[in-house]
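On a predicted model such as this, the values are computed, not experimentally measured, just so you know.
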Amino acid sequence: MTGIQESGRSAEDARWPLLLGVRHHGPGSARAVRAALEAARPRTVLIEGPPEADPLIPLAAGRDMRPPVALLAHAVDEPGRSAFWPMAEFSPEWVALRWALEQGVPARFIDLPATHTLAWEGRAEAGDGPAAEEGSDAPGGTLRVDPLGALAEAAGYDDAERWWEDVVEHRGAGGRDPLAPFAAVEEAMTAVRETHEGAEGDRDLVREAHMRLQVRAAQREFGGDAVAVVCGAWHVPALRRKAAVADDRALLKGLAKVRAELTWVPWTHRRLARDGGYGAGIDSPGWYAHLFGAPDRPVERWLTKVAGLLRAEDRLVSPAHVIEAVRLAGTLAALRGRPLPGLSETTDAVRAVLGDGSDVPLALVRDRLVVGDVLGEVPSGAPAVPLQRDLDRAQRRLRLKPEAAEREVELDLRKDTDAGRSGLLHRLRLLGVEWGEPVASRGSTGTFRETWRLRWEPELSVRVAEAGVWGTTVRAAATARAEADAVCARDLAGITALAERCLAAALPDALSVVMRVLADRAALDTDVGRLARALPALVRSLRYGDVRGTDTGALAEVATGLAERIFVGLPPACTGLDADAADEMRGHVDAVHGAVGLLAETAAPRGSTDPPPSATDGPLARRGDLRARWRAVLRTLSGRDRVAGVVRGRAVRLLLDDGEVGQEEAARLMGLALSPGTPPGDAAAWIEGFVGGGSGGGLLLVHDERLLALVDGWLTGVSAEAFTDVLPLLRRTFSAYEPGVRRTLGELVRRGPGERADAVGPGAGAPGFAAGLDQERADAVLPVVRLLLGLDRTSDDTPDDPSDGNSAGTSDGNSADTSDDNSAGTSDGNSDDSLAGVGR
């Protein structure tokens, strides 16, 4: 291989057919292929790829075709069965295609037809392409040796990528003889195949037999000395070998086949990278694209790109840094015996000089430059399924361009364009085309806003083709898919979630079918848990219908009936439960509570919790009465001893939050639940239901020390044996609180919760909280307070008269209570008491 530049063989002495063995997606191979074709001037160019794509070759010359792109083949009757043949600007196959089109020379694909490839047993899901060489996961029988790895090992390298860069990428196109590199590659691959006899997979033997037949046919048509073949280097010895035509045809006889369609689709650099999921890809497509596109001084140009990226991210990088990084990369290459700094040398230089020894900038450089988010483009005239064409039209109409880079889009559903974008994205999700992912909106919780995280991946073209079986337009296909999913749904929760998605996707026809299925299923389902899981999504759908102007009358009717059935069946369902079932039921109670509140609001005017005067009977009256009926259910749950403790505690808490139970009544119910006669496990479960589950129970205990005193008193009275049993539940309850809340509770317990509430005066009974103001301590903090507030200070910094209205106000009951609460969250209650009092 080291004799690539030294060979004296010329283009006139080349053996025909001219076999140009390449590494797929290799910029050095791509440059060498162009130089060899210019020198040999063949009358036809044969390229490894599916022959059915021959009619698509002229599209590669169009101005609208911008690599990276890929040939996509999919089975007509099973669009999900597909294969890709990716090509980047630096791919030798793409260079050969463009050269043939520029010179007016016929170009053809000669690999095994896609009709057989898609039918091959053990195929890959979507990765069988020209890069299925170099030890990749080629379907139907993979190579049992990595050719590049074997050659690198023979040359004393432990990294095949580094070896390839040294002998090919960094040594130009072969000096005076452009065919010398390919002669060396052929010789090396012949030695590898002889050494590793039988390393070919069964599928490779079939592919090579088909390619040999195509080469013979081209030689008969154009002449034996007029055919050039661009293929993976691994195949060159097999194509050079003399084999009987009958033997090759025998290998191809009886192959399974399917009907296949092919087209060009956009590809991305990220999908060319191995970590992007393309098993036979390359590690650094962005770096390879740079090497191919840089006419000279590639290292200097690369490090200039890196500096620009880091400056855009507000890192201090100067031209002097770039100069020093270039020097360091060159020095490292010389020390390592490399002809030119490679990616490893430039990366080390970036870390040492531009990143100040940190690896943090390297992650950004790798993501943005070494890999990159380049997305190719294909002309609108490329063949496509009708659904893809409708999607293209919708994307242009809504100005929602597919991009490889991840980005967030905020939509205001009150605007027609944004509402259309939302509907399109929701419909695509129904079809399994995950172009967009909904995320939480920043700064707004209104239903008229949506935030989407968008990222177009090449596989989505397959998903679109696969979804084409449902219809020819996005709307029709999403409607048909939703109707089919409703019929096949296994439970009510799945159907109600589907109803919510139909509303979001603006599919009224599908919604009517979903609602009929939902009504039928709900009438037969008696499981309260399933009903409770189904209700929240159904009620959320009403909110979407309101903002989108959709008629949701039928939806509200079903939701109301569902809620009424839950009211009847919930109390009996909450008895005789074990710990896990009780905790699950507590979650159902929470979900139903929120759903009932939303459902009741839909029956009342804005800003009112009561139904309109005209709604004295009928559906609106039923919905307006739901809140009162639900509260009655909660009261029933809170008072039944046979109901699980966690459910009883949660029922009391929900009533307290709604103002249906006062503080005194809540304290009384807690006292009963924590009485000595209650088993410790039941009492701990009641506490978990009342103040656990992320419901703000920690703050409730902070602000109502009577409740905290009850919990503290019960816990201190639990026996040692019982304490071991209740500790895991209590730990789960209190560990869910914010750190500040836990710290405050600890201070309150340390000083004795409930003492302040039982004292005669405000703040009395707690250390550091007196009835009056400590004037000396208050005076000490005033200069700092005035400085923080930016107030003008007198020359002697004399504080205001403590007897005036401002200072006098610090000793009233309210301020004392407030200062007490503030100090509870600190480690020094005394100092915070003074600061709180003076601040008022």
Q | Residue pair Arg31 / Leu291: nearest heavy atoms and the distance that separates them | A | NH1-O, 3.2 Å

Q | Ser91 (side chain) donor-acceptor with Trp94 (main chain) under 3.5 angstrom | A | no

Q.
Please determine whether a side-chain nitrogen of the Lys or Arg among Asp392 and Arg389 lies less than 4.0 Å from a carboxylate oxygen of the Asp or Glu.
A. no

**Q.** Chi angles and distances behind the ring-ring contact (aromatic ring centres under 6.0 Å, His included) call for Trp452, His426
**A.** CA-CA 10 Å; Trp452 290 82; His426 279 292; 4.7 Å; yes

Q. Salt bridge between Asp373 and Arg270, side-chain N to carboxylate O under 4.0 Å?
A. yes

Q. Between the side chain of Asp418 and the main-chain N/O of Asp412, is any donor-acceptor distance below 3.5 Å?
A. yes

Q: Please round to the nearest 0.5 Å and tell me the distance separating atom CG of Leu46 and atom CG of Asp111.
A: 12.0 Å

Q) Are the side chain of Ser284 and the backbone of Val370 linked by a donor-acceptor contact shorter than 3.5 Å? A) no

Q. When rounded to the nearest 0.5 angstrom, what distance separates CG in Leu239 from CZ in Arg207?
A. 10.5 Å

Q | Flag side-chain contact, heavy atom, 4.5 Å: His321 against Glu324 | A | no

Q. Do the non-hydrogen side-chain atoms of Leu332 and Pro341 ever get within less than 4.5 Å of each other?
A. no

Q: Look at the side chain of Glu450 and the backbone N and O of Ser422, then say whether any donor-acceptor pair between them is shorter than 3.5 Å.
A: no

Q. Within a strict 4.5 Å, meaning less than it, do heavy atoms of the Phe292 and Val95 side chains meet?
A. yes

**Q.** Under 3.5 Å: donor-acceptor pair, side chain of His235, backbone of Glu208
**A.** no

Q. What distance separates Glu410 CD from Arg421 CZ, expressed to the nearest 0.5 Å?
A. 12.5 Å

Q) Just by modelled atom types, is the Ala404 backbone N or O under 3.5 Å from a matching donor or acceptor in the Arg455 side chain? A) yes

Q) Mind checking whether Pro285 and Phe90 have side chains closer than 4.5 Å, heavy atoms only? A) yes

Q. Nearest heavy-atom pair of Val474 and Leu387: which atoms, and what distance?
A. N-CD1, 3.4 Å

Q) Would Asp54 and Arg108 pass as an ion pair if we require N to O under 4.0 Å? A) no

Q. Between Arg240 and Thr190, does a side chain to side chain donor-acceptor pair (under 3.5 Å) hold up when you go through it step by step?
A. CA-CA 10 Å; Arg240 185 72 70 187; Thr190 301; over 6 Å; no

(Q) What I'd like to find out is whether the side chain of Val365 reaches to under 4.5 Å of the side chain of Arg351, using heavy atoms alone. (A) no

Q. Hey, are the side chains of Phe182 and Leu19 touching, using non-hydrogen atoms and a 4.5 Å cut-off?
A. no

**Q.** Any donor-acceptor pair under 3.5 Å from Arg23 side chain to Ser29 backbone
**A.** no

Q. Ring centres of His269 and Trp287 under 6.0 Å apart?
A. no

Q) When rounded to the nearest 0.5 angstrom, what is the spacing between CZ in Arg311 and CG in Leu354? A) 9.5 Å

**Q.** Short side-chain to backbone donor-acceptor contact, Trp264 and Leu56, under 3.5 Å
**A.** yes

Q.
For Glu38 and Trp99, which I'm curious about, is there any donor-acceptor pair between the side chains at under 3.5 Å?
A. yes

Q | Check: Pro458 and Val265 side chains under 4.5 Å, non-hydrogen atoms | A | no

Q. So do Leu37 and Pro42 actually touch side chain to side chain, heavy atoms under 4.5 Å?
A. yes

Q | N/O donor-acceptor pair under 3.5 Å between Glu48 side chain and Gly232 backbone | A | yes

(Q) Regarding Glu457 and Arg463, does a basic nitrogen lie under 4.0 Å from an acidic carboxylate oxygen? (A) no

Q) So, does Arg453 use its side chain to make a donor-acceptor pair with the main chain of Glu406 at under 3.5 Å? A) no

Q) Can we call the ring centroids of Phe84 and Trp267 under 6.0 Å apart? A) yes

